[in-house]
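The block underneath contains the structure these notes are about, expressed in C-alpha cells.
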Amino acid sequence: MARHALSKAEASFITKLIRVDQAGELGADLIYRGQYMVLSRTKPEIEPLIKHMWEQEQHHRRTFNELQQKYRVRPSLLTPIWKVAATGLGCATALLGQEGAMACTEAVETVIGGHYNTQLRWLHENFPPKEERSKDEEITSLKSIVKQFRDEELEHLEIAVENDSHEARPYWLLTETIKAGCRGAIWVAERV
Amino acid sequence: MFRTVRSCAVALPTRASTLRAYHSINLINTKPTEDYNPKTKKLLDAAMDLVPSLGFTDQALTLASRRLGYTDTTPLVLPEGPLDLIVYHLRREREKLAVASETAPADPPAAPTTPDFRTKDQRLDDACHELIVQRLKGNIPVIEHLDNALALMVQPQNMAESLSELGALSDEIVHQAGHRSSDFDWYTRRASISAVYAASEVYMCQDKSKNFEDTWKFVKSSLEARRGLQEGVGNVGQWVSFQGIASVMVIRSLMTRL
C-alpha cells in the first residue's frame with residue numbers, strides 16, 4: 001500500500017473522530033438496549049422496529065471498535081459514565097411510553113446525523129477525491145463508513161418521526177434537553 | 001563566535017518532520033526517533049555510545065559532537081542536555097521493541113506439542129513479561145548510570161515527559177502482547193504494566209545477581225500479584241451481580257400471590 005503523509009493536525013482530527021464516534025456508538029447501542037428492555041415488555045408491537053435500529057447500532061459500534069483497535073486510538077476515559085448514562089436515558093425515555101422513546105431517538109439522531117455530516121465534510125475538504133492521497137484505501141473506507149452510518153442514523157430519525165415522536169409531552173423540553181446533553185457528550189468525548 | 005552559535009541553532013532544529021505516514025500503526029508514533037533531525041539523531045546516537053563510560057552528561061554530548069566534527073556549540077540544539085539524552089535513550093529502546101515485532105517472522109508458530117492450559121490472562125501476562133524483560137535488557141549497557149537517569153526523570157519539571165514516555169512504552173507492550181480493548185480496561189491494563197515496569201526498573205538498578213536473574217523474577221512475581229488483584233476484583237463483581245439477581249428473584253417471589 002502506498003503510504004501518504006498525514007499532517008499532525010490531520011492525524012489528531014482522525015484520532016478524535018474515531019474516539020468520539022466509538023463512544024457515541026457505544027452510547028447508541030446502550031440507549032436502544034435500554035429501550036428494548038422496557039418496550040419489549042410494555043409495547044410488544046413495536047419490538048421489531050426497535051430491534052431493527054438496535055441491530056444497526058450494534059454493527060456501528062463493532063465497526064468503530066475495530067477501527068479504534070486497528071489505529072491504536074485510546075477509547076474515551078469516561079466509558080463507564082457513557083455506559084450508565086446511555087442505559088439510563090434509554091430506559092427512562094422508554095418508561096415515558098413509545099412517544100417518549102421516539103422523541104429521544106429523534107433528538108439523538110438529529111445531533112448525531114449533523115455530527116457525522118460535519119466529519120464527512122471535513123474528510124471531503126481535506127481529502128478531495130481528485131487528490132492522489134485520497135485514493136488511499138484507508139481514507140476511502142473511512143469516508144464510506146461515516147457516510148453509510150450517517151444515512152442509517154437519519155433513517156432512524158425518520159422512523160422516530162413516523163412513529164409519533166412529536167406526540168411526546170413535554171416534547172420541546174425533552175428533545176432539547178437530550179440534544180444539549182448529546183452535544184455536551186460529544187464535546188467531552190472528543191477530548192477525554 | 002556568536003554567528004556560529006546562531007547558525008548552528010537554526011541549522012539543527014531538534015524536530016524535523018511534522019508529517020507522518022497514514023498507516024494503521026502511525027496514528028500514534030511508534031518510531032519516535034524518526035522525528036529527530038538526521039544530524040541531531042546522529043549526534044545523539046554518538047553520545048549514546050559514550051554513555052556507558054561518561055553517563056547521561058553534557059560531556060558525552062560534547063565529546064560526541066567533537067568526534068563527529070561538529071562545533072562545540074552544536075549540543076546547544078538540545079537545551080536540556082542530559083535529559084534530552086535520557087529521553088532519546090527511552091525513545092530509541094521503545095522503537096527497538098516496535099521494530100523487533102515488525103521484523104519478527106510472520107508465519108504462525110508451529111502447533112504446540114503439549115496442550116496450552118493457560119488462561120487468556122496468563123497468556124497475556126507471559127507475553128508482557130517477555131516484552132518487559134526485552135525492554136529492560138536495553139538498559140544493561142547503561143546500567144551504571146540508570147539510577148542517575150531515574151533521579152533526573154522523576155524531578156517535578158521532568159515528570160510530564162517521563163510519564164508520557166512511560167505511557168507510550170506500556171501502550172507498546174500491551175498492544176504487542178495482543179491485548180485489544182475498547183473499554184475501560186484499556187486504561188487499567190496499561191496502568192498496571194506501567195507500575196510493574198517502573199518498579200522493575202528501580203529494582204534493576206540495585207540488582208547484583210548474575211545476568212539480572214533476580215530482576216526477571218521480580219517482573220514475573222509483580223505481574224502475578226497484579227493478576228491476583230484483577231481476578232479478585234472480577235470475583236467480587238461476580239458475587240455482587242449474583243446477589244443482586246438473587247435478591248430481585250426473592251422480592252419477585254414474595255410479591256407473587258399464590
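Please read all numbers here as calculations on a predicted model, not as lab measurements. Chain identifiers are assigned alphabetically (A, B, ...) following the order of the sequence lines, protein sequences preceding nucleic acid strands; residue numbering begins at 1 within each chain.
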Between A/Leu78, A/Leu67, A/Asn65, which has the largest tally of heavy atom pairs under 4.5 Å with chain B? A/Asn65
Examine whether an atom of A/Leu26 lies under 4.5 Å from a heavy atom of chain B, and if so say whether it belongs to the side chain, the backbone or both; otherwise answer neither. neither
Hydrogens and angles aside, do A/Tyr171 and A/Glu106 bring a side-chain donor and acceptor to less than 3.5 Å of each other? yes
B/Glu80 vs B/Asn158, side chain to side chain donor-acceptor pair (under 3.5 Å): CA-CA, chis, key distance, verdict: CA-CA 10 Å; B/Glu80 303 281 344; B/Asn158 304 336; over 6 Å; no
Side chain / backbone / both / neither for A/Ser76 at chain B, heavy atoms under 4.5 Å: backbone
Does the ring of A/Trp187 carry A/Arg183 above it, NZ/CZ under 6.0 angstrom from centre and within 45° of its axis? no
Return the orientation label for the A/Phe64 and A/Tyr116 ring planes: parallel under 30°, perpendicular over 60°, tilted otherwise. parallel
Exceeds 12 heavy-atom contacts within 6.0 angstrom, atom NZ of B/Lys41: yes
Please step through side chain to side chain donor-acceptor pair (under 3.5 Å) for the pair B/Gln134 and B/Glu130, ending with a clear verdict. CA-CA 6 Å; B/Gln134 197 184 332; B/Glu130 213 167 282; over 6 Å; no
Should the pair B/Tyr88 and B/Tyr36 be assigned to parallel (<30°), tilted (30 to 60°) or perpendicular (>60°) ring geometry? perpendicular
By residue number, those in residues 234-241 of chain B with heavy atoms under 4.5 Å from heavy atoms of chain A are none
Passing option when A/Asp29 is tested against A/Arg61, A/Arg62, A/His60, A/Lys83 for side chain to side chain donor-acceptor pair (under 3.5 Å): A/Arg61
Measuring heavy-atom distances to chain B, does A/Gln69 have an atom under 4.5 Å in its side chain, in its backbone, in both, or in neither? both
